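Everything on this sheet refers to the single structure shown next.
Any value given below was found using the heavy atoms of this structure, including those in side chains, with hydrogens, waters and symmetry copies removed. All values derive from a computational prediction rather than experimental measurement.
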Amino acid sequence: MLQYVRSLLELIRFSHTVFALPFALTSAALAWRQPPGFQWLQLLGIVLCMVFARSAAMAFNRLVDRRFDAANPRTAGRHLPAGKLTPGIVWIFTVLCAAGFVTATLLFLPFDNPWPLYLSVPLLLFVCAYSLTKRFTPLSHFWLGASLFLAPVAAWIAIRGPNELLVPVILGGAVLFWVAGFDILYACQDADFDRVTRLQSVPANLGVARALRVALASHVVMVGLLVVLGLVCRDLGWIYFVGIACVTALLAYEHWLVRPDDLSRINQAFFKVNGVISVGLFVIVLVQLAVN
């Protein structure tokens, strides 16, 4: 049983929850600035919803992509193609995580907020649908970004309902272009494979060099939206803008690591740099709110 649990966590790359969860918590921290303020039960609900939703979506992705993963030398060693897990077990895990996500939304009912429950199934369908988008559009990277866009927006709604959504929508927009940009970088590894199998992606359609420029443009938009967020949110000040400068430097470093003729450092750019960006920005916002 422990081996199955370990394999399932590896399957969904549980550690990568660090990419989206800090942005949901950043949005929550800003939402809690208004009365009645921080609530432990809401924090628990947000964390559980994030973990369950992402786990369900990632497991579903591995299920529907297992044929392509088996044919791709880079991914042939993943758990399903390699036979380390069976589709039946992963389907059960997916359904349990989906049920866990919907159940976790009930934690917001004591606060007279049924919106997380109302929106739980549509949100889950949207994030799971990403796994099918490479079959028909090269904009799949932006669908993935839109899925993570929902993290800060959903966290805000979970605390304050669908009210005064400008702040979480701007933050979510920054997340959308951030994710789309680094997913395009990551997809450069599979440009040739995607062309052969007729899967859609920006690198497969435009070539690696142009795809890197699209990724750079996406990250420029992200930084711009973070600046706009600092201007419209009265709880953010100079410490936050110092954080934006640090994020910009990290993004520049990420794009320096990945070049059209050298994709060997994509994993370093994808996993390490982006993890620092998400967690770092969250910490910066917490420090800013603490000194206000």
Side-chain angles (χ1 to χ4, degrees), residues 12-13 16-27 49-50 53-58 60-61 64-65 119 122-157 165-191 194 199-206 210-229 244 247-248 250-251 254-255 258 266 269-271 273-279 281-282:
I12 63 171
R13 295 190 173 182
H16 293 182
T17 307
V18 71
F19 288 165
L21 181 59
F23 285 102
L25 296 179
T26 297
S27 180
C49 284
M50 287 293 303
R54 184 192 175 277
S55 298
M58 279 295 298
F60 181 74
N61 177 267
V64 299
D65 277 357
L119 297 174
L123 185 148
L124 198 59
L125 291 174
F126 183 87
V127 298
C128 286
Y130 155 73
S131 299
L132 306 174
T133 55
K134 285 189 71 174
R135 292 157 172 79
F136 61 86
T137 175
L139 299 178
S140 57
H141 317 281
F142 293 92
W143 192 299
L144 178 62
S147 297
L148 272 72
F149 161 92
L150 295 173
V153 175
W156 183 280
I157 292 174
L165 290 174
L166 181 61
V167 166
V169 166
I170 295 173
L171 178 59
V175 174
L176 189 161
F177 284 98
W178 171 61
V179 171
F182 74 64
D183 192 58
I184 291 171
L185 293 178
Y186 193 69
C188 287
Q189 301 174 100
D190 297 325
D194 289 347
L199 288 173
Q200 301 290 313
S201 71
V202 169
N205 285 45
L206 299 181
R210 290 181 178 177
L212 294 181
R213 289 196 286 271
V214 174
L216 177 60
S218 298
H219 286 156
V220 169
V221 174
M222 176 214 181
V223 172
L225 287 171
L226 289 177
V227 171
V228 172
L229 177 64
I244 294 178
V247 167
T248 303
L250 286 168
L251 289 172
E254 180 176 21
H255 285 274
V258 182
I266 279 185
F270 182 82
F271 299 119
V273 176
N274 288 302
V276 172
I277 287 173
S278 60
V279 175
L281 191 62
F282 172 55

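For the pair L165/I157, a side-chain contact is recorded, criterion being any heavy-atom separation below 4.5 Å from C-beta on. Residues M50 and L25 fail the side-chain proximity criterion, which asks for heavy atoms closer than 4.5 Å. Looking at heavy atoms from C-beta onward, D190 lies out of side-chain contact with S201 at the 4.5 angstrom threshold. Using a 4.5 Å heavy-atom threshold, the side chains of M222 and V179 count as separate. W156 has its side chain within reach of V167: a pair of non-hydrogen atoms, C-beta onward, lies under 4.5 Å apart. Between Q200 and N205 there is a side-chain heavy-atom pair separated by less than 4.5 Å. Taking the side chain as every heavy atom from C-beta outward, W178 and L251 approach each other to under 4.5 Å.
In terms of heavy atoms, P168 sits closest to V153 at O-CG2, 3.6 Å. Shortest non-hydrogen contact noted between L225 and G173 is CD1-C, 3.4 Å. Taking every heavy atom of both residues into account, S131 and A57 meet most closely at OG-O, 4.1 Å. V202 and P138 make their closest contact through CG2-O, 3.5 Å (heavy atoms, listed as atom of the first residue, atom of the second, distance). Nearest heavy-atom pair, I244 versus L226, reported as atom, atom and distance to 0.1 Å: CD1-O, 3.4 Å. Between V223 and T248, the shortest heavy-atom contact is CG1-OG1, 3.5 Å.
Atom-to-atom distance recorded for L132:CG and T137:OG1 is 12.5 Å, nearest 0.5 angstrom. Atoms NE2 and CG, from H219 and L250 in turn, are 11.5 Å apart once rounded to the nearest 0.5 Å. Atom NZ in K134 sits 7.5 Å away from atom CG in D65 (nearest 0.5 Å). Taken from CZ in F60 to CG in L125, the straight-line distance is 9.5 Å, to the nearest 0.5 Å. Put simply, CG on L150 and CG on L124 are 11.0 Å apart, with the number rounded to the nearest 0.5 Å. For the atom pair CG of L148 and CG of L21, the computed distance is 10.5 Å after rounding to the nearest 0.5 Å.
Sorted by first then second residue, the ring pair (Phe, Tyr, Trp, His ring centres under 6.0 Å) pairs that include residues 125-146, not counting sequence neighbours, are F126-W143.
A donor-acceptor pair is defined here as one N or O able to donate and one able to accept, closer than 3.5 Å; such a pair exists between the side chain of S27 and the backbone of P152.
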Problem set entry | Step-by-step side chain to side chain contact (heavy atoms under 4.5 Å, CB included) determination, C188 to V258 | CA-CA 10 Å; C188 287; V258 182; 5.6 Å; no

Problem set entry | Chi angles and distances behind the side chain to side chain contact (heavy atoms under 4.5 Å, CB included) call for L281, T26 | CA-CA 8 Å; L281 191 62; T26 297; 5.8 Å; no

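In this structure, the ring pair (Phe, Tyr, Trp, His ring centres under 6.0 Å) partners of Y186, at least two apart in sequence or on a different chain, are F270. A search for salt bridge (Lys or Arg N to Asp or Glu O under 4.0 Å) contacts involving D183 returns nothing, not counting sequence neighbours.
For R135, the CZ atom counts as densely surrounded, since its 6.0 Å shell holds more than 12 non-hydrogen atoms of other residues, nucleotides or ligands.
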